[in-house]
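A note on names: the letters A, B, ... follow the listed sequences, proteins ahead of strands, and every chain is numbered from 1. Values below: every heavy atom of this structure, side chains too, minus hydrogens, waters and symmetry copies. Quick caveat, the model's predicted, so the values are computed rather than measured.
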Amino acid sequence: MIVGAGVVMAASYEAKAFGIRGGMGGTQARRLCPDAIAVPPRFEAYVEASRGLFDVFERTAPRVEGLSLEEAFLDVSGLERFAGTPVEIARRLRREVREQVGIPISVGIANSKVVAKMASGAAKPDGLLLIESGREREFLHPLRVERIWGVGAATARRLRAHGIGTVGDIAALPEEALVAILGRAGGKHLHAIANGRSSRGVRAGRTRRTYGAQRAVGLRRFRKDELDSTLAALVDRVTRRMRRSGRVGRTVVLRLRFGDYTRASCSRTLPRPTAETRAILVAGRRLLRASAVTIERRGLTLLGITVANVEPDGGGAQLALPLYPSEEALDAALDEVRDRFGPDSVTRASVLGRNRGPSPAVLADERNDR
DNA sequence: TCTGGGGTCCTAGGACCC
DNA sequence: TCTGGGGTCCTAGGACCC
């Protein structure tokens with residue numbers, strides 16, 4: 001089974017056995033496995049399952065660091081006396097999730113997040129793997145470097161160019177050599193991992209640092225008259241999510257992908273943080289205008305807007321005057337209508353002719369922004 | 001590999017400050 | 001007119017993850 005139409009968003013283990021991977025084009029996936037059943041994503045169902053999952057996580061450990069809808073780090077240190085050993089806790093966790101949420105999960109147990117993450121990957125599907133303290137290197141050293149969480153194609157290529165193929169090869173190198181190849185942060189991090197001394201702790205209660213939305217049209221490319229209404233629709237979604245979670249932001253980033261699928265971004269930082277639709281839209285339009293010539297020349301296949309430099313509303317900017325006072329009530333009224341009657345109950349006239357029914361992305365907005 | 005949508009973190013240069 | 005040492009913020013791009 002494959003989830004997603006144009007692009008594979010997820011695939012069952014049976015489908016993966018045919019070589020299908022996330023992010024792969026639908027055409028290629030069908031070629032690899034013609035008998036696969038493709039289904040559209042159901043974001044609401046994933047959000048609901050995620051809530052159930054995190055309920056169990058929160059009951060299991062005092063410190064939980066969410067990584068995605070379905071992954072988290074749990075710090076179970078110090079729980080031994082009343083909750084049992086890490087393995088006992090993990091067995092109970094797997095059972096409770098299966099019973100209460102109805103899905104199988106894999107668990108990796110280790111002294112550090114990176115090793116735990118890699119262990120859980122090795123335990124899939126539906127498994128449990130403990131990497132005992134002091135035996136990290138036994139587990140890690142035979143692995144190829146690209147198996148390290150955080151090492152992708154580019155880093156693997158660079159390492160390979162220096163004759164480094166396995167984690168053991170990394171461990172044989174002095175830190176300075178690694179820093180020379182990968183830069184300061186990356187080099188030090190990988191050196192620590194390979195020597196079993198990675199120490200990044202579980203960071204509970206992390207809050208989101210950016211809010212973004214984007215829309216791709218593929219080879220078709222955006223028509224000129226679509227650009228502004230698409231931008232407005234994206235800004236509507238982003239600012240509504242920000243207001244709902246009580247956050248404001250200062251930096252507006254416009255994301256572009258041209259006809260040849262290369263990407264660019266440009267940004268402006270506002271004098272004050274905001275979640276007002278109007279203020280973000282004005283900034284976005286300015287950035288879009290500045291890129292108009294390039295877009296005209298190269299064609300556009302993706303438009304996105306992200307608000308960064310996010311902070312809690314009122315955190316340091318108390319009593320700041322709204323940038324567009326008359327629009328504040330409009331934002332509030334539209335938020336209320338959408339809360340009561342659904343995210344697509346009100347929309348811009350400029351968007352009306354094009355969007356039939358709620359898009360998957362709009363439905364995804366209904367998830368809880370952590 | 002003919003390409004969705006949502007994020008995170010790091011780097012590097014320039015502006016500006018003391 | 002040339003030059004130290006240290007810091008912050010902004011912008012653009014890249015790598016990586018689910």
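- Residue-level contact check: V8(A) touches neither bases nor backbone, having no heavy atom under 4.0 Å from any strand.
- Put simply, the side chain of T60(A) reaches to within 4.5 Å of the side chain of I89(A), judged on heavy atoms.
- The residue K188(A) sits apart from the nucleic acid: no heavy atom pair falls under 4.0 Å.
- Residue I148(A) is in sugar-phosphate contact alone, with no base atom involved, counting any heavy-atom pair closer than 4.0 Å across all strands shown.
- Residue-level contact check: R158(A) touches neither bases nor backbone, having no heavy atom under 4.0 Å from any strand.
- A donor atom on one side chain and an acceptor atom on the other are found under 3.5 Å apart for Y211(A) and S245(A).
- In the 5' to 3' direction, nucleotides of DNA chain C lying under 4.0 Å from heavy atoms of chain A begin and end at dC10(C) to dC18(C).
- Closest-nucleotide positions on DNA chain B for R209(A) and R184(A) were compared, and the one nearer the 5' end corresponds to R209(A).
- If you check dC9(C) for Watson-Crick or wobble pairing at under 3.5 angstrom, you find it paired to dG14(B).
- I295(A) has its side chain out of reach of F222(A): every pair of non-hydrogen atoms, C-beta onward, lies at least 4.5 Å apart.
- In the hydrophobic clustering, L219(A) connects to Y261(A), either directly or through intervening members, whenever side-chain heavy atoms lie under 4.5 Å apart.
- Counting any heavy atom pair closer than 4.0 Å across all strands shown, A10(A) reaches no nucleic acid atom.
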